[in-house]
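Below: the structure, in structure tokens.
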Amino acid sequence: MIKNKSICYTKNAINVCVDYRIELLSIVEYLAGYDTILTKLNFSYKERVKKYFSPYKQHEVTKLFLELNKIGFTFGTPPNITLYLDEDFQIREDIDFDNFYINRMGGKENFERFSNLLYKFSIDTNYDEFFKNNIHYYESVIENTINILPDYNFINELHNYYGMKKNNYNILLVSLFGPCGFGPKVVHKNGDIDIYSIVGLLECNPTPSFGNVEYFKHMQRHEFSHSFINPLTLKHWDEAKEYIELFDKTKEIKQLCYGDWEECLNEHIIRAVVIRLSSLDEEGIEDKLVQEELSRGFIYIEDIIKSLKYYEQNRHIYKNIDEYYMKILEDLNKN
């Protein structure tokens, strides 16, 4: 899909964008009061959103969002679903949908309702005019981010570590989101995969900022990794669910909103990979990062890191992480 409304710059083959669709989603979530992921910071762009869109707080789409929110349309699901729409908020025909996200909003009928009402909201509010009137702001946050992005090839790093390739990489900056991240992907019918790192605002001092060099290294390694690891967990789910009793020991993780074994397992593996990539990049940092993850409740992190080291040392046997995935599960079971 050619982006003709979103604003994108490219650095090191990564597209850094303010996405026309996701920006509207964030405004809907703001009007709906979905404070779980919204920024608490105050800045002029947020005030412009408030002034322009507050009269539409009771719009049908905000009511639907809150209705779907109760059944699982939370956290990363709304951004995933919104990427399944084109820039006219119509359901795309060039991609395959992940039923995991469709089911979390109650099925295809609700997906169609959401698409229709998001489009209606864009027309009722003349969203296109608002977006165009704020282009200078969007360009400024993209340029600021481009300037602090390290001259570092994340793509080669991930391709080499996972032994797998994706079609393109996109960082989406969302000013109304707080310091959180999501890592969705879009699978084209021809098999190409676009992967995303959706990043919220980190600070405003006084200019809105989405992070520094080290923060971006961590965030991109983490969020882009979802598009490698999540599909493998789904592919090997019959085997992975055999270890579901391990989830009962992760009370702290449940409080972090990783509410089932699938999410818990994905987060464990991804965080372990990020630690290994960071350790390969900066000597002596591993112990500190491991302790941070243990304090958050990721109690299997050491077992997975040990397993990943074996993977790294035996790439002549395991060409990619898919071939090794079952070994990670087996090493978990030794706990």
Side-chain angles (χ1 to χ4, degrees), residues 6-9 11 14-50 53 62 65 69 73-83 101 118 130-131 134 137-150 154 169-186 195-227 230 255-258 263 266-267 270-271 274 296:
S6 300
I7 304 169
C8 294
Y9 295 9
K11 182 174 182 178
I14 295 177
N15 303 315
V16 183
C17 311
V18 172
D19 188 276
Y20 187 81
R21 301 159 297 175
I22 300 296
E23 198 65 21
L24 184 63
L25 170 71
S26 71
I27 291 168
V28 170
E29 293 186 324
Y30 171 75
L31 294 177
Y34 186 43
D35 293 338
T36 307
I37 66 169
L38 296 174
T39 181
K40 305 297 190 294
L41 300 172
N42 293 312
F43 49 102
S44 59
Y45 175 71
K46 185 177 178 181
E47 287 301 314
R48 293 197 295 275
V49 169
K50 180 180 180 181
F53 290 99
T62 62
F65 177 85
N69 195 249
F73 196 54
T74 57
F75 301 104
T77 298
N80 269 274
I81 287 296
T82 303
L83 291 175
Y101 296 106
L118 204 56
F130 177 84
F131 193 87
N134 285 277
Y137 167 75
Y138 301 141
E139 289 177 337
S140 70
V141 295
I142 293 172
E143 288 174 358
N144 291 340
T145 302
I146 288 282
N147 289 336
I148 64 170
L149 268 181
F154 290 108
Y169 291 71
N170 307 274
I171 297 174
L172 307 187
L173 307 175
V174 189
S175 295
L176 295 182
F177 286 178
C180 60
F182 305 109
K185 70 180 187 304
V186 171
I195 69 176
Y196 295 82
S197 172
I198 298 179
V199 183
L201 199 62
L202 184 64
E203 58 187 3
C204 195
N205 200 18
T207 304
S209 171
F210 292 83
N212 56 27
V213 171
E214 291 308 313
Y215 182 77
F216 265 95
K217 272 191 178 182
H218 172 81
M219 286 296 288
Q220 300 340 303
R221 285 167 172 161
H222 184 109
E223 299 307 337
F224 285 147
S225 286
H226 275 287
S227 293
N230 291 22
Q255 294 172 1
L256 289 173
C257 303
Y258 303 120
E263 290 181 321
N266 287 336
E267 283 294 322
I270 288 167
R271 288 165 188 259
V274 170
R296 297 183 180 110

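We count residues from 1, following the sequence as given.
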Identify the heavy atoms of [X] and [Y] that sit nearest to each other, and give their distance.
X    : Y    : answer
V174 : S26  : CG1-CB, 3.5 Å
F43  : S175 : CZ-O, 3.4 Å
L173 : I142 : CD1-CA, 3.9 Å
L202 : P179 : CD1-CB, 3.9 Å
M219 : C180 : CE-O, 3.9 Å
I270 : S225 : CG2-CB, 3.9 Å

**OP:** Output, in order, the C-alpha distance, side-chain angles, deciding distance and verdict of side-chain contact (heavy atoms from CB on, under 4.5 Å) for V186 and Y196.
**Re:** CA-CA 8 Å; V186 171; Y196 295 82; 3.8 Å; yes
Original post:
Using 30° and 60° as the class limits, which term best fits the ring planes of H222 and H218: parallel, tilted or perpendicular?
Top reply: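 Aromatic pair H222/H218 classed tilted.
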**OP:** Report the relative orientation of the aromatic rings in Y20 and F131; use parallel for angles under 30°, tilted for 30 to 60°, perpendicular for over 60°.
**Re:**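 Answer is perpendicular, since the angle exceeds 60°.
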Mind checking the [atom1]-[atom2] spacing from [X] to [Y]? Nearest 0.5 Å is all I need.
X    : Y    : atom1 : atom2 : answer
I22  : I27  : CD1   : CD1   : 11.5 Å
Y9   : I146 : OH    : CD1   : 8.5 Å
K11  : N147 : NZ    : CG    : 7.0 Å
I198 : L83  : CD1   : CG    : 5.0 Å
E267 : N230 : CD    : CG    : 8.0 Å
Q220 : Y215 : CD    : OH    : 9.0 Å

Original post:
Are any side-chain N or O atoms of N170 and backbone N or O atoms of I195, one a donor and one an acceptor, separated by less than 3.5 Å?
Top reply: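 Yes: the side chain of N170 pairs with the backbone of I195.
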Subject >> Under 3.5 Å donor-acceptor, Y34 side chain and F75 backbone >> reply: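 Yes.
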Could you tell me if the side chain of [Y] sits less than 4.5 Å from the side chain of [X], heavy atoms only?
X    : Y    : answer
Y138 : Y45  : yes
I7   : E139 : yes
D35  : L38  : yes

What do you reckon, are the aromatic ring centroids of [X] and [Y] less than 6.0 Å apart?
X    : Y    : value
F154 : F224 : no
Y30  : F53  : no
F65  : F73  : yes

Subject >> Partner residues of K185 under the side-chain hydrogen bond (donor to acceptor under 3.5 Å, both in side chains) criterion, sequence neighbours left out >> reply: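 Once residues adjacent in sequence are excluded, K185 has no partner under the side-chain hydrogen bond (donor to acceptor under 3.5 Å, both in side chains) criterion.
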Subject >> Any donor-acceptor N or O pair under 3.5 Å, side chains S44, Y137 >> reply: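 Not at all, the side chains of S44 and Y137 share no donor-acceptor pair under 3.5 Å.
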**OP:** Run the numbers on F210 and F216 for ring-ring contact (aromatic ring centres under 6.0 Å, His included), then give the verdict.
**Re:** CA-CA 8 Å; F210 292 83; F216 265 95; 7.7 Å; no
